[in-house]
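This report refers to the structure that appears directly beneath it.
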Amino acid sequence: MTQPYELPDFYTPYPARLSPHVAEARDHSTRWARGMGMLEGSGIWEESDLAAHDYALLCGYTHPDASAPALSLVTDWYVWVFFFDDHFLECFKRTQDRAGGKAYLDRLPLFMPMDLSEGTPEPANPVEAGLADLWARTVPHMSLPWRARFAESTENLLNESLWELSNINIGRVPNPVEYVEMRRKVGGAPWSAGLVEYAAGAEVPAVIAGSRPMAVLRDAFSDGVHLRNDLFSYERETRDEGELSNGVLVLEHFLGCSTQEAAEAVNDLLTSRLQQFENTALTEVPALCAEYGLTPGECADVAAYAKGLQDWQSGGHEWHMRSSRYMNKAGTGTSGQLFPGPTGLGTSAADVRLTTRRAEAARARTFTHVPYQRVGPSLLPDFDMPFPARSNPHLDEARAHVLEWAAAMGMLGPQPGVPQSDVWDAERLAGFDLALCSSGLGPGSDAEELKLSACWLTWGTYGDDYYPVVYGYPRDLAGAKATTERLKLFMPVEDAAAGSAAVPVNALERGLADLWVRTAGPMPEEGRRKFRTAVEEMTASWLWELANQAQNRIPDPVDYVEMRRHTFGSGMTKSLARLRHGHTLPEELFRSGTMASLENAASDYACLLNDVFSYQKEIEVEGEVHNGVLVVQNFFGCDYPTGLRIVDDLMRSRMSQFQHVVAHELPVLCDDFELDGGQRAALDGYVRDLENWLSGILVWHRDCHRYAEADLHRPFALPVPTGLGTSAARLVFAGA
C-alpha cells in the first residue's frame, strides 16, 4: 500500500549527531525490558519488536552528549513510555474500556513518591514495575522541584490518554487549538524535556522554571516533537489504530483540504514552532537570566538545556527517518530546499540543507508586515452564539459610577510628567460603555457587584490602551517593565483590606489600589493569591505585546492564541467567577484537562470575536500586529476575507468544543471527582457564568462605540498622520 502523502521538506536547522554509546544502551534496554516483563509473554512486544523500534538509536540521536550510564537510563525511560502507549492501546483503547483505563492510570502516580523512603505498592503489570524501577534510579540525582515537575508531566502524559480514549469513543476529531493543547500532555514531550535536564546534567533553576520564556521553550519544543511525529505516524495511527488525534487529520478535517495539503500545513506549523523556539531562546531567555541574577553556572545550565532541546529536535527527526515504526519513504526530497547537498552513504557530514524556501518565506512574512494599511470596515461574520443575552437591571447606575470612578482615579486626563499619556476623556470612555459589558457578564449581580466588575473592566482597558501609547511608541520596554513591577505593590495578599503601604503615582496605580481593597479584602488569602496571579498574567502579557511590536513581529499562531487569553484579561474575569463558586469545588477539578478545555474554549471564542470586530481599528489605525485574523493571514499567506473565514471556522469549532465539554466531558468529570449535589450545582453555576460571559461580550462589541469605522473617526480620537515619512509620528492606540 502506498503512503497517504509524500513527506514535506522539513526545516532542520541543526544537524543530528549520534552518541558513541548506542550499542551499550541497546543491550542494556533489551535486558531491562525483559526483566520488567515487557517482552515475550507480555502480549504486547516480542524482542523483535523492540529491536525494530530501536529506542536506543532514538536516545543516541536525541541525547548525543549524554554519558553511557545516563544514556542507558534515558533509553529505559523511552522503552517504558512506548510500552505504556502500546499496552494502553491494546488493553483499553481497542476495547474502549474507559473505566478500566481510569483505574489503571489512577495507580501509576503511587510509583512516583517524592521521598523514596515512602515506598511503593507491589507492581501488578510491566508498566508499574518499570515505573517503580526507573523512578528509584533517576530521582536521587535530581532536586525536589525537578521531581515535582517531572512527576506532574508524567501524570499528564498518562492521564490524558483518557482524553484520546473519549474522542475515539464518540468518533470525534478535535479542533486545532484543542488538539495542540492536549497533544502536549498526551504526547509526552514536556516529559521528554524533563529528561533533557537529567541527560544534559543541566537542571533549570527553580526560580525561572515557571517563567514564560522557559514555558515557551518547553511548549514550542513539545509542539515541534508532536507535529513531527504526527507527520510520520499518520498512516499507522489512522489506518491501523483508528486514532483521531493526529495533527494531519485535524487540519484535513478543519480546513476541508486534501491529506497532502494538510501535511504541508502541519509542516508549516512545525516550522513556525521551531522558529518561535529560536526567537524566545535568543531574545527572551538571556534577559530572563539577567533579570533573576543567575550565576554563570546557572546561565550555563540554561544554555545547555536549550541546546539539549535543539539536539532532541534534530535527533528525533533523524530517528523518525530510520525507525520501522513510522512511514518514512520518499522523505529525502530536496526540491524546496535552499542548499541541496550530496546524498547517499557517507555524505551526511557534507549536508548543508539547513532550511527551505518555504520556511524562510514564512520567517520573512513574520517580520516584514507593513503597518497602517487601509483595510476598510471590519467584516463581520454571522456569529455562532447559542446562549441568550441577558442584562442587569442596575446597568444605568453602573454606567454613571464608571465615569465618576475613572475621573476620581485620574484616567480622564494626562499623567503628570508622562508625555502622550492623555489617552482617554469622558466622552471616549462613555462611548466604550464598559458597564454594558459587565451587565451581560453578570446579569444577576447586585448593584455593588456590577459597579465593581465594570470598574475592573475599565481599569484593564485603560491599561491596555495606556501601555502602547506611553511605552510602545518610544520603544520604552524598560519603562513598561518598571511600571508593571510597581503594580504588584498594590496587590498585597496579607491584610488586603488595609491596602498597600505604597503611594500611587498615576491613574493606573491609583485604580488598582482602590479595586484591590474593594475586591480582595473580603476574599480568603488563597483566593487573593489566585486573583493576584490572574492580574499579573494580564499585565505581563502587555509586555509581550510591546516586545513583539518593537520587533515588528507577527506572533506565531500557537503563541498568539495562548497569550491572547491573558492580553484580553479573560483569566482575570474568569477568576472572579471561580471565586463565587470555587469554595465548594475541589481545586484539583479546576486543574483538570476537562476544565482547562472548557475555559480555554470560552476564552478563545471571546478573544477571536474581539479580533474580528477590532480588525480595522488595530490594523489600519493602530499599526498593530496582535490580531488573530492578521496572524492567520500571515501563517497561511492569504487575504483578509480568507483569513476571516478561517477565524470564523475556528470560533465555531471553539464554541462547539465548549458545548461538547459541557454535554459529554463535565458529567464524566463529576463522576470521576464524586461531586455531590451541591458541588454539581456550583459547577453548573460556573458554566452559566461562562455562557453569560460569551453572550455578554458579543452584545457589548455590537453596541459600544469602539470598533465601527465611524467610531475610529469620532471627534475625541487623536489625529494620526499618514503618508510618506510620518510613521515615526504615529500614536498607537492598542487594546482589546
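One is the number of the first residue; the rest follow in order along the sequence.
For the atom pair CG (N627) and CG (N634), the distance works out to 12.0 Å, reported to the nearest 0.5 Å. We find the CD-SG distance between E562 and C607 to be 12.0 Å, quoted to the nearest 0.5 Å.
In this view, A547 satisfies the side chain to side chain contact (heavy atoms under 4.5 Å, CB included) rule with no residue, not counting sequence neighbours. Every residue meeting the side chain to side chain contact (heavy atoms under 4.5 Å, CB included) condition with P504, not counting sequence neighbours, appears here in chain and number order: F490, E509, R510, A513.
Contact check on R532 versus E525 returns no salt bridge, with no Lys/Arg side-chain nitrogen under 4.0 Å from an Asp/Glu carboxylate oxygen. Remark: D422 does not engage R428 in a salt bridge, criterion side-chain N to carboxylate O under 4.0 Å. Using a 4.0 Å cut-off between a side-chain N of Lys or Arg and a carboxylate O of Asp or Glu, R652 and D648 qualify as a salt bridge.
For the pair S378 and Y640, the minimum side-chain heavy-atom distance is below 4.5 Å. In this structure the side chain of D556 never reaches within 4.5 angstrom of the side chain of Q275, judged on heavy atoms. In this structure the side chain of D433 reaches within 4.5 angstrom of the side chain of R399, judged on heavy atoms. Looking only at side-chain heavy atoms (C-beta outward), Q633 and L644 stay at 4.5 Å or farther from each other. Side-chain atoms of V612 and H701, non-hydrogen and from C-beta on, never get closer than 4.5 Å to each other. Annotation: side chain of D611 is in contact with side chain of Y560 (closest heavy-atom distance under 4.5 Å). Proximity of V469 to Y473: side-chain heavy atoms (C-beta onward) are nowhere separated by under 4.5 Å. M523 is not listed as a side-chain neighbour of K530, based on a closest heavy-atom distance of 4.5 Å or more.
Between the side chain of Y466 and the backbone N or O of S421, no donor-acceptor pair lies under 3.5 Å. When atom types are taken as modelled, the side chain of R365 and the backbone of F635 share a donor-acceptor pair closer than 3.5 angstrom. Between the side chain of E178 and the backbone N or O of N600 there is no donor-acceptor pair closer than 3.5 Å.
A donor-acceptor contact closer than 3.5 angstrom is absent between the side chains of W405 and T458. Side-chain contact, S541 with E537: no donor N or O sits under 3.5 Å from an acceptor N or O. Judged purely by distance below 3.5 Å, without hydrogens or angles, the side chains of T642 and R645 never pair a donor atom with an acceptor atom. Using modelled atom types and a 3.5 Å distance limit, the side chains of Y467 and T483 yield no donor-acceptor pair. Defined by atom type and a distance below 3.5 Å, a donor-acceptor pair is missing between the side-chain atoms of E618 and H626. Checking Q551 against N279 by side-chain atom types alone, a donor-acceptor pair falls below 3.5 Å.
For the pair R565 and S603, the tightest heavy-atom approach, listed with the atom from each and the gap, is CG-CB, 3.9 Å. Shown here for K451 and A398, the closest heavy-atom pair between the two residues is CG-CA, 4.2 Å.
Note: F590 and Y686 meet the aromatic proximity criterion, with ring centroids under 6.0 Å apart. A distance below 6.0 Å separates the ring centres of W424 and F432. The aromatic ring centroids of F613 and F383 lie less than 6.0 Å from each other. Taking the six-membered ring wherever Trp is involved, the centroid distance between the rings of F658 and F387 falls below 6.0 Å.
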Do any side-chain atoms of residues 474-482 form donor-acceptor pairs under 3.5 angstrom with protein atoms, and if so which ones, sequence neighbours left out?
unit_1: R475; atom_1: NH1; unit_2: G472; atom_2: O; d: 2.8
unit_1: D476; atom_1: OD1; unit_2: G479; atom_2: N; d: 2.8
unit_1: K481; atom_1: NZ; unit_2: E291; atom_2: OE2; d: 3.2

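Relative orientation of the F568 and W693 rings is perpendicular, given thresholds of 30° and 60° on the angle between their planes.
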